[in-house]
Every structure is written in structure tokens, then in C-alpha cells.
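One structure is given here, and the rest of the page talks about it.
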Amino acid sequence: VLGACFLKAQLKNVRKPDHLSFTLRLMANDLETCKSVYKAALLVKINGIVTSKGSGIAYKTSDIVSQIALSSFVIQQNLYKDIHFNLNGLAGVYDVKGKILDSLLRLNMDVHTSLNQPYPTAVGKLSIQNADLYALGLYKRPLRLQTNVDLNLKNLTPDKLDAYLRFDS
């Protein structure tokens, strides 16, 4: 059984990718996405709602507004709960805000990125209240992480590098 889902999508200008526009709403209940493509090792089971609306297919020029609200998400037998993210992008400039409120992974994120130039930029904050890397199957020995990250990557051009990362625990 692949689970259940309701999918409503609309595509316009499919034959003209530069003018493509789309609207998508996915409501999933135990939807197993990789089982149908014979990738059981990467089994992804989704419960929740994903909406997206935008235009274009190139990340440097596309416009998009997306919301992700997942009550649970399973990947490689690891369960994550209570995931909420918003993505707003205009012409390759993206704002990503969200949180994960799982008992093994609790974080808040607010990042502004610009991908419409040769080298990307990013400014934002990531607050990890708890990341139990052992329980999540990401590390072989017990390891918990708690930190606040300030990032200010103003210029990643190799000869004009201007970047600041601060980790505070």
C-alpha cells in the first residue's frame, strides 16, 4: 500500500518552460513516495500538506511561494514530527522560515538567500534547541547538539570573500 493522497495541480505554458506557471496542493496520509520507484532504502512516508504556487523552472529566475506543514515525515526509517516551513522566492531571492518541533530534532530557521548571481549569498539565523544525532540514526555514538548559528555570507566570490558564521552553544 502506498498510502493515500489528494493532489490538485495546474500547469500552464508547459511547452514554453520560460513561461511555465504552476499551482500545487498535496494532502498526504502515509504516502510512501519511493516505494513506487523501487527505492525502498530511501522510503519516504509523508503525512501532511504541501502547497506551492509559482512560475519558471530555473532557480535563479523563478518565483515561488510554498508552505509545508507535515505532521510526520519518515526517511530511511527515521521519523520526524511537526515540520513547518515557508518558502518565498522572487527572481532567485528566497526567504526560508520554518521550524521542526520533533522531540529528537527541534529547530527554528529564518534565512534570506540570493541565488541569482554567480556566487550565492545568505543571511540568517538557525537555532537548534535539540538534535539527537544518535537517535536520528545520523551518528554511531550518542551525540546531542544544541547551538545557535548566525550566518552572514555577504560575498562568496573567491577573491572577495566576505563571510561570517557564528556558532553559540
Side-chain angles (χ1 to χ4, degrees), residues 1-90 92-113 115 120 122 124-147 149:
V1 174
L2 296 175
C5 77
F6 168 79
L7 174 64
K8 182 178 180 180
Q10 181 180 30
L11 295 172
K12 293 181 181 177
N13 297 317
V14 175
R15 294 189 177 156
K16 298 178 185 176
D18 292 339
H19 301 288
L20 176 78
S21 65
F22 59 89
T23 303
L24 172 113
R25 180 173 176 84
L26 172 70
M27 298 170 65
N29 184 11
D30 288 334
L31 178 63
E32 296 179 1
T33 60
C34 291
K35 197 178 232 183
S36 62
V37 292
Y38 305 105
K39 296 287 185 182
L42 293 175
L43 179 63
V44 175
K45 186 182 284 188
I46 300 170
N47 287 291
I49 299 171
V50 177
T51 61
S52 190
K53 184 177 184 176
S55 62
I57 59 170
Y59 69 90
K60 289 186 177 187
T61 58
S62 65
D63 299 335
I64 189 167
V65 175
S66 295
Q67 291 85 33
I68 299 170
L70 302 179
S71 57
S72 66
F73 178 81
V74 176
I75 186 165
Q76 292 184 341
Q77 296 142 5
N78 295 310
L79 172 67
Y80 303 89
K81 296 179 183 174
D82 210 2
I83 301 163
H84 305 273
F85 281 92
N86 293 321
L87 171 72
N88 294 303
L90 181 62
V93 177
Y94 297 92
D95 288 312
V96 182
K97 295 180 183 180
K99 60 187 173 185
I100 299 175
L101 300 174
D102 187 87
S103 61
L104 300 177
L105 179 61
R106 294 182 60 83
L107 65 84
N108 291 309
M109 174 182 195
D110 187 352
V111 177
H112 176 80
T113 63
L115 305 174
K125 294 184 181 296
L126 175 65
S127 174
I128 302 172
Q129 293 90 30
N130 179 45
D132 188 333
L133 302 180
Y134 176 75
L136 290 168
L138 301 173
Y139 200 73
K140 292 182 181 185
R141 295 186 180 158
L143 178 64
R144 286 183 184 256
L145 177 66
Q146 179 180 2
T147 189
V149 181

Extract all donor-acceptor atom pairs below 3.5 Å that involve side chains of residues 92-103 and protein atoms in other chains or at least two apart in sequence.
from	atom 1	to	atom 2	distance (Å)
Tyr94	OH	Tyr59	O	2.6
Tyr94	OH	Ser62	OG	3.1
Asp95	OD1	His112	ND1	2.5
Asp102	OD1	Lys81	N	2.7
Asp102	OD2	Leu104	N	2.8

Kindly compute the distance separating CG (Leu20) from CD1 (Ile57), expressed to the nearest 0.5 Å. 7.0 Å
Evaluate Val65 against Asn86 for side chain to side chain contact (heavy atoms under 4.5 Å, CB included), listing each step before the verdict. CA-CA 8 Å; Val65 175; Asn86 293 321; over 6 Å; no
So, taking the atom named CG in Leu143 and the one named CG in Leu138, what distance separates them when rounded to the nearest 0.5 Å? 10.0 Å
Taken to the nearest 0.5 Å, the spacing of Phe22 CZ from Ile64 CD1 works out to 4.0 Å
Contacts table for residues 67-74: side-chain donor-acceptor under 3.5 angstrom, sequence neighbours left out:
from	atom 1	to	atom 2	distance (Å)
Gln67	OE1	Thr51	OG1	2.6
Ser71	OG	Asn47	O	3.3
Ser72	OG	Asn47	ND2	2.9

If I take atom CG from residue Leu105 and atom CD from residue Gln129, how far apart are they, to the nearest 0.5 angstrom? 9.5 Å
Are there over 12 heavy-atom neighbours, none belonging to Lys12, within less than 6.0 Å of that residue's NZ? no
Taking all non-hydrogen atoms of both residues into account, name the closest pair between Ala135 and Asn78 and its distance. O-OD1, 4.3 Å
Ile46 and Ala28: which non-hydrogen atoms are nearest, and at how many Å? O-CB, 3.5 Å
Determine, step by step, whether Phe85 and Ile83 satisfy the side chain to side chain contact (heavy atoms under 4.5 Å, CB included) criterion, reporting the C-alpha distance in whole Å, the side-chain angles of both residues, the deciding distance to 0.1 Å, and the verdict. CA-CA 7 Å; Phe85 281 92; Ile83 301 163; 3.7 Å; yes
For Arg144, give me all partners under salt bridge (charged side-chain N to carboxylate O under 4.0 Å, His left out), at least two apart in sequence or on another chain. Asp132
Measuring from Leu107:CG to Asn130:CG, what's the distance to the nearest 0.5 Å? 10.0 Å
Looking only at heavy atoms, what is the nearest atom pair of Lys45 and Glu32, with distance? CE-OE2, 3.2 Å
When rounded to the nearest 0.5 angstrom, what distance separates CG in Asp63 from CG in Asn88? 11.0 Å
Over all atoms of both residues, closest heavy-atom pair of Val111 and Lys125: CG2-O, 4.2 Å
